[in-house]
Amino acid sequence: MRLLIVEDDVMVASGMKLGLTDAGHTVDWVGSAERAEQALEHDSFDLAIVDIGLPGIDGLELTRRLRERGLTMPVLILTARDALHDRVQGLDLGADDYMLKPFELPELLARLRALLRRSQAATSAVLVFGSLEMDTAQRRVTLAGQVLELGQREWTVLEYLLLQAPKPAAKDKLLAALTGWDKEITPNAIEVYVSRLRSKLEPSGIALRSIRGFGYRLEWVPSVVHAPTD
Ligand code: CA
């Protein structure tokens with residue numbers, strides 16, 4: 001998933017960026033609401049983490065503006081422990097959840113998983129498609145009960161496909177989930193990850209169908225599975 005961090009505290013922001021990147025997300029970071037608004041003009045994100053205390057426009061006003069512009073991505077606000085009023089106002093202005101500073105990374109990751117699931121209409125941390133199971137909390141994928149080893153970008157592509165399934169996933173959204181500002185991936189690189197995933201999934205009856213001019217769709221084709229011959 002592609003996340004935007006809006007936080008002026010360099011230490012907090014870089015710690016979050018590191019932890020979230022390790023967890024498999026693509027993370028971009030801006031230090032002010034103004035920069036966030038610019039970023040959202042031309043980039044799309046799956047979720048934003050917004051600190052309330054920012055220089056210039058604060059995180060509450062930013063949240064209000066994002067909703068006013070019709071952006072529906074989940075927004076998680078970061079607030080000081082004693083600022084009840086900010087939390088209430090933030091939720092009223094359109095934030096989906098909040099974290100009290102300071103917080104522990106595992107809790108932030110769990111809240112993000114819950115928010116991303118809700119926004120993608122998934123109900124559990126385990127995404128299932130045919131014989132494929134992706135446990136997003138344990139970061140483990142199994143195929144017909146066997147653990148499947150995936151590179152980080154293969155994981156990102158597969159997670160996106162699973163969240164969209166049975167609908168197709170748009171190639172430009174996949175690209176956005178893979179590329180932050182400080183990474184370079186060409187649209188063609190997606191083909192590489194898709195073809196690696198195909199070769200891992202197809203023997204178990206899961207096809208990754210290309211939809212011309214749009215993207216890719218997971219399809220469950222159990223008949224592809226070859227029955228044991230003995
Ligand atoms: Ca701050």
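Residue numbers start at 1 and run along the sequence shown. As the structure is a computational prediction, the values presented were derived from the model and not from experiment. All ligand and atom numbering here is 1-based and tracks the order in the structure.
Within 6.0 Å of CZ on Arg67 lie more than 12 heavy atoms contributed by other residues, nucleotides or ligands. Sparse packing is recorded around CZ of Arg140, with 12 or fewer heavy atoms of other residues, nucleotides or ligands lying under 6.0 Å away.
Asp9 lies apart from the Ca ion (ligand 1) in this respect, since none of its N, O or S atoms is found at a distance under 3.0 Å.
Using a 4.5 Å heavy-atom threshold, the side chains of Val157 and Leu150 count as separate. No side-chain heavy atom of Pro74 sits under 4.5 Å from any side-chain heavy atom of Arg111.
Annotation: angle subtended at the Ca ion (ligand 1) by Gly53 O and Asp51 OD2 is 80°, to 10°.
Of all N, O or S atoms in Asp8, the one lying closest to the Ca ion (ligand 1) is OD1.
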